[in-house]
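Naming: A, B, ... by sequence-line order, numbering from 1 per chain.
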Number of protein chains: 2
Amino acid sequence: MIERPQSITVSGTEALDVLRNATLSQVVQSEIEKIILSGAFQPGEKLNEKTLADRLGVSRGPVREAFQALHARGLVEMIPNRGVFVQEITRHDAVAIYDVRAGLFGTACRLLAERITTSQIGALKSLVAQMDVAGSQRDLEAYFPLNIAFHTAIVTGTDNSVLADAYFSMVRRLHLYRARGLVHGGGFESSNIEHRAILDTLDARNPHAAFEAGYLHVQAGKVRIMATDDTKTAVAS
Amino acid sequence: MIERPQSITVSGTEALDVLRNATLSQVVQSEIEKIILSGAFQPGEKLNEKTLADRLGVSRGPVREAFQALHARGLVEMIPNRGVFVQEITRHDAVAIYDVRAGLFGTACRLLAERITTSQIGALKSLVAQMDVAGSQRDLEAYFPLNIAFHTAIVTGTDNSVLADAYFSMVRRLHLYRARGLVHGGGFESSNIEHRAILDTLDARNPHAAFEAGYLHVQAGKVRIMATDDTKTAVAS
DNA sequence: TGGTTGCATATTGTCAGCAATTTGCAAAAC
DNA sequence: GTTTTGCAAATTGCTGACAATATGCAACCA
């Protein structure tokens, strides 16, 4: 691996520095992805090349390159001579993505169970305890980031970036599924009960049980989301 | 300069049809991918934009777009202002990819066990029987495609294209791992024994056991490959 | 001899423009 | 009233050209 020289930044040369480590099309890709995932564009909505290019202050070339990457990431659909559209996720698609996410998360749990350190166990225990508190107080604002941190710690804890990338890719794509709501009272308790079950299998360093606990946790989250369908109630997965 | 004629060709309308359903950059992407996976370019080797563009008879634009997609697919590495290189897969990377492939294949087995039809079971039984024959005759030429067909039937049999795409993506990336050989005598028997174990769990419609059998089968393949390291002997996975 | 500097060449990054296709809409035909 | 036809405008697909960066090599210096 060749080291690229780091430019000396005195102050505020960020934009310049960014372009030293990334090409413009990569920056554009990241920007468009942010816009899509923010919900500013609805699934199925068309992304106009020139409009986006003007908005980002670049020409159409980098935008077209970014589209290719976003297509490969499953975030946009491309139709020749027609244009690029924000990917639509049907209920069937969402189920499929959830199943893959469950398999990947279960696999992460399994792999982690084989190599988890006491320090990692401690960190997860802390997160579960904090979620218990947030849950008992019905404080979703606190619960949500803890929940994400718990899942992230497990997925990244395996030291398998391929697995982590694939997992986060599924999470990202699920953000495009419209029929997901925000909060549902019942999700808290059962969700953290499952977290504790996962933690127990990791603590026991039982790979087989760890997969099962992780897989079922995501599947339970899927059921909680899917049960609400298009109602505006949802769940902590 | 490529011709994009509207001419009515009686027999060879292929090129026309292709460009009606796919954009040039997609064709270019597919071509470059074929070249890479054929081994014509070594991992780590640089892919020159102009050279490739000339070779394919297009300008650099479509080639650059193809690069973005190939990068997202994990087949090339991009370094700003330096160029695009065929992705190098280290031993550590290969292990990581194998672990994900195992998780995905196990998940496919699990999902399939919940919905498999008798017709699908029959097809898999036939494949295993044929592999038994090929194995007993040590006919690798016959065994190899049957082996792929068996795995493909399971992965596509779940009717989950997200899962299938992710699985095939891992298989594709493993093709870039150079330290894999071709044949090793011992692989046959154990491999098809595992196939039969998978088949049994599917036949019993036992999701839990199916995951385990599928996961362990790929893990066993990993071990068989990795054990040989850079020796030119390898294995039927 | 070993290492640095400076310039010519090669390659990448980006842009503007042209050709081809699609889209929108109004007029004509039935 | 509905469908079809025929432009005009908008958009996509692709290319060639220019600017910025990296590379290779020879001359120069310690």
TODO: Tell me which of A:K46 and A:S25 sits closer to the 5' end of DNA chain C, going by the nucleotide each one is nearest to.
DONE: A:S25

Open item on the list: Please report the distance, rounded to the nearest Å, between CG in A:N48 and P in C:dT23.
Closed with: 13 Å

TODO: Just jot down the salt bridge (charged side-chain N to carboxylate O under 4.0 Å, His left out) partners of A:E77, sequence neighbours excluded, or say none.
DONE: none

Task: A:E31: partners by salt bridge (charged side-chain N to carboxylate O under 4.0 Å, His left out), with sequence neighbours left out - done: A:K34

Task: Any residue meeting side-chain hydrogen bond (donor to acceptor under 3.5 Å, both in side chains) with A:R64, in chain and number order, not counting sequence neighbours - done: A:E49, B:E65

- [ ] Would you mind checking if B:K222 and B:D99 are paired as a salt bridge, meaning a charged N to carboxylate O distance below 4.0 Å?
- [x] yes

Open item on the list: What is the distance, to the nearest angstrom, from the CG atom on B:L24 to the P atom on C:dT21?
Closed with: 13 Å

- [ ] Select from B:M78 and A:R82 the residue whose nearest nucleotide in DNA chain C is closer to the 5' end of that strand.
- [x] B:M78

Task: Partner residues of A:F41 under the ring-ring contact (aromatic ring centres under 6.0 Å, His included) criterion, sequence neighbours left out - done: none

- [ ] Using atom CD of B:Q29 as one end and atom P of D:dC14 as the other, report the distance to the nearest whole Å.
- [x] 13 Å

- [ ] For the helix from C:dT1-D:dA30 to C:dC30-D:dG1, figure out the bend between the end axes, five pairs an end, and round to 10 degrees.
- [x] 20°

Task: Counterpart residues, side-chain hydrogen bond (donor to acceptor under 3.5 Å, both in side chains), relative to A:T90 (two or more places apart) - done: A:D93

Open item on the list: With no hydrogens and no angle check, just 3.5 Å: does a side-chain donor-acceptor pair link A:S126 and A:Q130?
Closed with: yes

Open item on the list: Run the ring-ring contact (aromatic ring centres under 6.0 Å, His included) test against B:Y167 and tell me which residues pass, sequence neighbours left out.
Closed with: B:F105

Open item on the list: Using OP1 and OP2 only, check whether a side-chain N or O of A:T23 sits under 4.0 Å from C:dT14.
Closed with: yes

N/O to N/O distances under 3.5 Å, protein versus nucleotides 7-9 of chain C:
none

Open item on the list: Just to verify, what does B:Y215 make a ring-ring contact (aromatic ring centres under 6.0 Å, His included) with, not counting sequence neighbours?
Closed with: B:F211

Open item on the list: Which residues pass the side-chain hydrogen bond (donor to acceptor under 3.5 Å, both in side chains) test with B:K46, not counting sequence neighbours?
Closed with: none

Open item on the list: Contact list please: residues 49-67 of chain A against DNA chain D, heavy atoms, distance less than 4.0 Å, in numerical order.
Closed with: A:E49, A:R60, A:R64

- [ ] State which residues pass salt bridge (charged side-chain N to carboxylate O under 4.0 Å, His left out) with B:D159; sequence neighbours excluded, sorted by chain then number.
- [x] none

